[in-house]
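Data block below; observations after.
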Amino acid sequence: TSKEPISIPSDLKERCQELLYSHVTLTGTFNHASELYLYPRPFNSDKVPLPAYRPNHPGIQVITPFYCNELKASVLINRGWVPKQRKNPNMRLEGQIEGEVSLVGMVRDNPKGIMYSGKNSPEINEWQYVDVKEMSRVCGTEPIILDCSYESSVQGGPIGGQTNA
C-alpha cells in the first residue's frame with residue numbers, strides 16, 4: 001500500500017485481518033538473542049536496488065522478537081534479508097541495534113506453507129516458511145508478525161522492504 005503509516009492500534013491482535021498489509025509505526029526494543037532464520041530467500045532487488053547483491057543472491061530473512069511499547073507485548077518483526085554468510089549475528093553486529101527504536105512495519109497474516117517448501121525445524125531454528133503461531137510459541141510473543149520497511153533498515157543489519165504485497 002502507498003498510504004502513510006498509521007500508529008499501531010492497541011487492539012492489533014483482534015484487527016490483524018482488517019489491517020492486513022497496512023503500514024504501522026511502532027516503538028520498542030528487539031530481543032536479538034531469539035532471532036529466527038527463514039531461508040532460503042532471494043534478495044528482492046526490484047524494490048531495493050543494491051549493486052552489491054545480484055537478484056536471487058541466496059540469503060535468509062531475519063525474524064526478531066520485538067517488545068512493542070504501544071501493545072505492551074512482544075511481536076515478531078521480519079527485519080529483512082541478509083546474505084547467507086551473514087546469518088551469524090556476530091557477522092552483523094552493527095545492525096544488532098540495542099535500546100529503543102521506532103520503525104515502520106507492514107501487518108502480515110499467517111501464510112500457509114508453500115507447496116514446494118520443506119518442513120520447518122524449530123528445534124534447530126530452520127524455517128522454510130512463516131508459521132506465526134509456532135514462531136510465536138518458540139519466541140514467547142503474541143501471534144503477530146510485521147515486515148519491516150526498507151526505511152527501517154539499519155546500516156549493517158537486515159535489509160527491509162523485501163515483502164511483495
Side-chain angles (χ1 to χ4, degrees), residues 23-69 71 73-114 116-165:
H23 289 87
V24 297
T25 58
L26 58 159
T27 303
T29 52
F30 285 107
N31 175 1
H32 297 293
S34 296
E35 284 183 345
L36 302 175
Y37 306 114
L38 185 62
Y39 61 94
R41 292 293 184 271
F43 178 70
N44 182 354
S45 61
D46 295 339
K47 293 186 180 191
V48 187
L50 290 177
Y53 303 113
R54 63 187 185 279
N56 299 320
H57 189 88
I60 62 167
Q61 289 185 6
V62 178
I63 298 176
T64 310
F66 182 82
Y67 181 81
C68 177
N69 296 342
L71 299 178
S74 292
V75 298
L76 297 169
I77 301 288
N78 183 340
R79 294 185 63 206
W81 182 91
V82 296
K84 188 169 63 174
Q85 64 270 25
R86 295 187 69 209
K87 173 184 172 185
N88 184 329
N90 292 325
M91 298 295 293
R92 49 188 165 81
L93 289 175
E94 185 180 8
Q96 299 299 89
I97 47 179
E98 298 294 330
E100 193 169 273
V101 62
S102 293
L103 56 90
V104 174
M106 180 190 300
V107 178
R108 295 301 306 269
D109 59 357
N110 189 17
K112 303 291 183 226
I114 301 170
Y116 55 84
S117 289
K119 183 180 175 190
N120 284 336
S121 300
E123 65 282 356
I124 56 173
N125 197 9
E126 289 186 4
W127 301 86
Q128 301 295 312
Y129 60 91
V130 174
D131 180 340
V132 176
K133 186 176 179 180
E134 182 64 9
M135 290 173 157
S136 295
R137 185 195 65 75
V138 167
C139 292
T141 69
E142 291 293 326
I144 296 171
I145 190 163
L146 298 104
D147 289 354
C148 265
S149 68
Y150 173 70
E151 294 74 22
S152 293
S153 302
V154 296
Q155 183 69 34
I159 302 167
Q162 298 293 304
T163 303
N164 289 319

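We count residues from 1, following the sequence as given. Just so we're clear, the structure is a prediction, and the values are computed from it rather than from any experiment. Excluded from the calculations below are hydrogen atoms, water molecules and symmetry mates; all remaining heavy atoms, backbone and side chain alike, are included.
The NZ atom of K87 sits 10.0 Å away from the CZ atom of R92 when rounded to the nearest 0.5 Å. From Q85, atom CD reaches atom CD1 of I60 across 10.0 Å, with rounding to the nearest 0.5 Å. Note that NZ of K119 is 8.5 Å distant from OH of Y129, once rounded to the nearest 0.5 Å. Once rounded to the nearest 0.5 Å, the distance linking OG of S152 with CE of M106 reads 11.5 Å. With rounding to the nearest 0.5 angstrom, the OH atom of Y37 is 7.0 Å from the CG atom of N88. Residue I63 holds its CD1 atom at 5.0 Å from CG of L38, rounded to the nearest 0.5 Å.
Between L76 and the choices I144, V138, T141, the side chain to side chain contact (heavy atoms under 4.5 Å, CB included) rule is met once, by T141. Among the candidates Q61, R108, Q162, R79, the single residue satisfying the side-chain hydrogen bond (donor to acceptor under 3.5 Å, both in side chains) test with D147 is R108.
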Could you walk me through whether V104 and E151 pass the side chain to side chain contact (heavy atoms under 4.5 Å, CB included) test, one step at a time?
CA-CA 8 Å; V104 174; E151 294 74 22; over 6 Å; no
Show your reasoning for whether side chain to side chain contact (heavy atoms under 4.5 Å, CB included) applies to L26 and I77.
CA-CA 11 Å; L26 58 159; I77 301 288; 4.1 Å; yes
Step by step, work out the side chain to side chain contact (heavy atoms under 4.5 Å, CB included) result for Y67 and N31.
CA-CA 8 Å; Y67 181 81; N31 175 1; over 6 Å; no
For L103 and F66, run side chain to side chain contact (heavy atoms under 4.5 Å, CB included): C-alpha distance rounded to whole Å, both residues' side-chain angles, the deciding distance at 0.1 Å, then the answer.
CA-CA 11 Å; L103 56 90; F66 182 82; 3.9 Å; yes
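Contact detail for V132 and D109: the closest heavy-atom pair is CG2-O, 3.9 Å. Between T64 and E35, the shortest heavy-atom distance links the atoms OG1-CG, 3.7 Å. Of all the heavy atoms in G59 and W81, the pair that sits closest is CA-NE1, 3.5 Å. Contact record, G156 with E94: CA-OE1, 4.1 Å, taken as the closest heavy-atom pair. Across all non-hydrogen atoms, the minimal contact from S102 to T27 is OG-OG1, 3.0 Å. Closest approach of S136 to P143, counting heavy atoms only: OG-CA, 3.2 Å.
S153 pairs by the side-chain hydrogen bond (donor to acceptor under 3.5 Å, both in side chains) definition with nothing, not counting sequence neighbours. With sequence neighbours excluded, no residue forms a side-chain hydrogen bond (donor to acceptor under 3.5 Å, both in side chains) with S121. Every residue was checked against the salt bridge (charged side-chain N to carboxylate O under 4.0 Å, His left out) condition with E100, not counting sequence neighbours, and none meets it.
Within a 6.0 Å radius of CD in Q155, other residues, nucleotides and ligands contribute 12 heavy atoms or fewer.
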